[in-house]
Amino acid sequence: MGLLEKFVTEESIFTKERDALRSSYLPERLLHRDEQLDRIAGILSSAVRGAAPSNVIFYGKTGTGKTASARFMQKEMLSTTTPVPVKYIYINCEITDTPYGVMQNICSSVLEGSKQTPPPSSGLSIEKLYEILVGFLKENRHILIVVLDEVDRLVEKNGNDILYPLSRINEDLVKGSSVSLIAIANDLHFTERLDARVLSSFSGERILFPPYTSTELKNILRDRAKLAFKEGAVSEGIISLCATLGAQEHGDARRVLDLLRVAGEIADRSGEKIIREEHVYKAKQTIESDCISEAIRTLPHQSKIVMLAILLRCCGTLQTTTGELYATYKALCNHTGLTPLTQRRVTDLITDLEGLGLIQTNVRSMGRGGRTRFMHACIPFEDALSVIEEDDLFKNLKIRKLFQAKLF
DNA sequence: CCTCCACCGGAACTTACGGAGT
DNA sequence: ACTCCGTAAGTTCCGGTGGAGG
């Protein structure tokens, strides 16, 4: 029997619908989001009548159904006949995080199916792209609904550079064409960073997505489990365990679904017919350590060295300061042949590492001793070290020997 | 109350790069 | 061949800043 064959012949606990446990899966109906969907439908309904819907902000923490709701409305919208053609454009600003990228994305979607060639991925000015878009919308009546997911990222990086022109674009358009924005933000204080002029274009249309309660999470899990697993594979106890284990801090449906899916995969691989508690605990561990390894592995070289320096420094003393760290960092650069960055730049890398959850920092004043950032790694030393060692950059560097010899 | 340390962190500027248009 | 464009990464400059010690 071939290596893969046994996985085909062997009975799986999954049905063909195992994707129902992925956060990208769009169910027939979204549980516990009726109120939000009603309001969104109310706002977007003007598009169905051929008028411009107002701009709207969705806000709420991760895994509260914001993206799913936006996608859900997209499906609804596309299955409705409208007097004016409606284009629904989804942009994830985590991926497309530059003003040019957003503008190019919109233009390409709008020009899709027309004779005009879509604008290139670079080379033109943003004003040019704006002209292309306005020009097309003036000649062809269209209602555009642009979803900007993770918009916080875009605003954090570029301020109101792109949101401002987009929220004002209707002033340059003729009757019949319009552009409406759906901004999706994780940060509840997102609006504070917005320009007053941009904010006013959202005129109070804000929809809050509160965290799911544990009962709601269980309903969602049960709903999806029914699709993804064969009957009897998941007990009520497992549903409850996933709901509590996966959502300690807030009701994040994504994480809870991931947990059940991975637990299912673990059970499946060990050839069991039902998911047991130990599979869920194992899944939680797997997900966590995979996250950390992936975060470290994808770090750029310079950040890896900074991370390594923190690990080495913290191993003996539990925490370290920027000054100490920078000295170690420079020593490591010497050993690896990389040119060290300035301390200013390194502090930014430290901030990045904290953002990834790999380290924790806090600034503290020591009076005459100055003010500095104290930091410590919040991941297991050995795990992190072995991931870093995989990098070719450190092939010739005997990290462990250096560490023992205290060469930095 | 003032000083002064050792950094923090905002902002502007520089460099490098890939691509477009002419 | 040359200029212009946007973006990413990094540098330079510099005005803070919390609180122990004088």
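The shown structure was predicted, so the numbers you read here are calculated from the model rather than taken from an experiment. Computed over heavy atoms, backbone and side chain alike; hydrogens, waters and symmetry mates excluded. Naming: A, B, ... by sequence-line order, numbering from 1 per chain.
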Chemist: Can you name the side-chain contact (heavy atoms from CB on, under 4.5 Å) partners of A:F136, sequence neighbours left out?
Modeler: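 Per chain and number, A:F136 pairs via side-chain contact (heavy atoms from CB on, under 4.5 Å) with A:V110, A:L111, A:S114, A:Q116, A:N140, A:H142.
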
Chemist: Start with the C-alpha distance between A:S69 and A:Q36, add both sets of side-chain angles, then the distance that settles side-chain hydrogen bond (donor to acceptor under 3.5 Å, both in side chains), and finish with yes or no.
Modeler: CA-CA 8 Å; A:S69 297; A:Q36 285 80 4; over 6 Å; no

Chemist: Under 3.5 Å, is there a donor-acceptor pair between the side chain of A:K66 and the main chain of A:G60?
Modeler: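 Yes, the answer is positive, given that a donor and an acceptor are paired below the 3.5 Å cut-off.
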
Chemist: Might you work through the side-chain hydrogen bond (donor to acceptor under 3.5 Å, both in side chains) test for A:D268 and A:S12, ending with a clear yes or no?
Modeler: CA-CA 6 Å; A:D268 204 32; A:S12 167; 3.2 Å; yes

Chemist: Please confirm whether the backbone N or O of A:P119 pairs with a side-chain atom of A:Q104, one donor and one acceptor, at under 3.5 Å?
Modeler: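 Looks like yes, one N/O pair under 3.5 Å.
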
Chemist: For A:Y130, give me all partners under ring-ring contact (aromatic ring centres under 6.0 Å, His included), at least two apart in sequence or on another chain.
Modeler: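 Expected list: none.
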
Chemist: Hey, what are the protein-to-nucleotides 14-22 of chain B N/O distances that come in under 3.5 Å?
Modeler:
| unit_1 | atom_1 | unit_2 | atom_2 | d |
| --- | --- | --- | --- | --- |
| B:dG19 | O4' | A:S122 | OG | 3.2 |

Chemist: Check for a donor-acceptor pair, side chain of A:H250 on one end and backbone N or O of A:T62 on the other, with a separation under 3.5 Å.
Modeler: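 Yes, A:H250 side chain to A:T62 backbone: donor-acceptor pair under 3.5 Å.
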
Chemist: Okay, side chain of A:R71, backbone of A:Y25: is any donor-acceptor separation there less than 3.5 Å?
Modeler: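 Flag not set: sc A:R71 to bb A:Y25 has no pair under 3.5 Å.
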
Chemist: Would a distance-only check, ignoring hydrogens and angles, find a side-chain to backbone donor-acceptor pair under 3.5 Å from A:D187 to A:D152?
Modeler: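 It does not hold such a pair.
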
Chemist: So, does A:T96 use its side chain to make a donor-acceptor pair with the main chain of A:I91 at under 3.5 Å?
Modeler: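 Not at all, since once roles are kept as given, no pair shorter than 3.5 Å links the two residues.
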
Chemist: Do A:Y59 and A:F209 have ring centres separated by under 6.0 Å?
Modeler: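 Not under 6.0 Å, so no.
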
Chemist: Check DNA chain C against residues 96-116 of chain A and give the residues with a non-hydrogen atom under 4.0 Å, in numerical order.
Modeler: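 Result for residues 96-116 of chain A: A:D97, A:T98, A:P99, A:Y100, A:G101, sorted by number.
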
Chemist: Between A:R224 (side chain only) and A:L21 (backbone N and O only), is there a donor and an acceptor less than 3.5 Å apart?
Modeler: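 Flag not set: sc A:R224 to bb A:L21 has no pair under 3.5 Å.
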
Chemist: N/O contacts under 3.5 Å, protein versus nucleotides 4-10 of chain B?
Modeler:
| unit_1 | atom_1 | unit_2 | atom_2 | d |
| --- | --- | --- | --- | --- |
| B:dC5 | O4' | A:R368 | O | 2.9 |
| B:dC5 | O2 | A:G367 | O | 2.8 |
| B:dC5 | O2 | A:G370 | N | 3.0 |
| B:dA6 | N3 | A:R371 | N | 3.2 |
| B:dC7 | O5' | A:G323 | N | 3.4 |
| B:dC8 | OP1 | A:T322 | OG1 | 2.5 |
| B:dG9 | N7 | A:R344 | NE | 3.3 |
| B:dG10 | N7 | A:R344 | NH2 | 2.9 |
| B:dG10 | O6 | A:R344 | NE | 2.8 |

Chemist: Taking 5' to 3' order, which nucleotide of DNA chain C is first and which is last to have an atom within less than 4.0 Å of a heavy atom in chain A?
Modeler: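 Terminal contacting nucleotides, 5' to 3': C:dC5 to C:dG21.
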
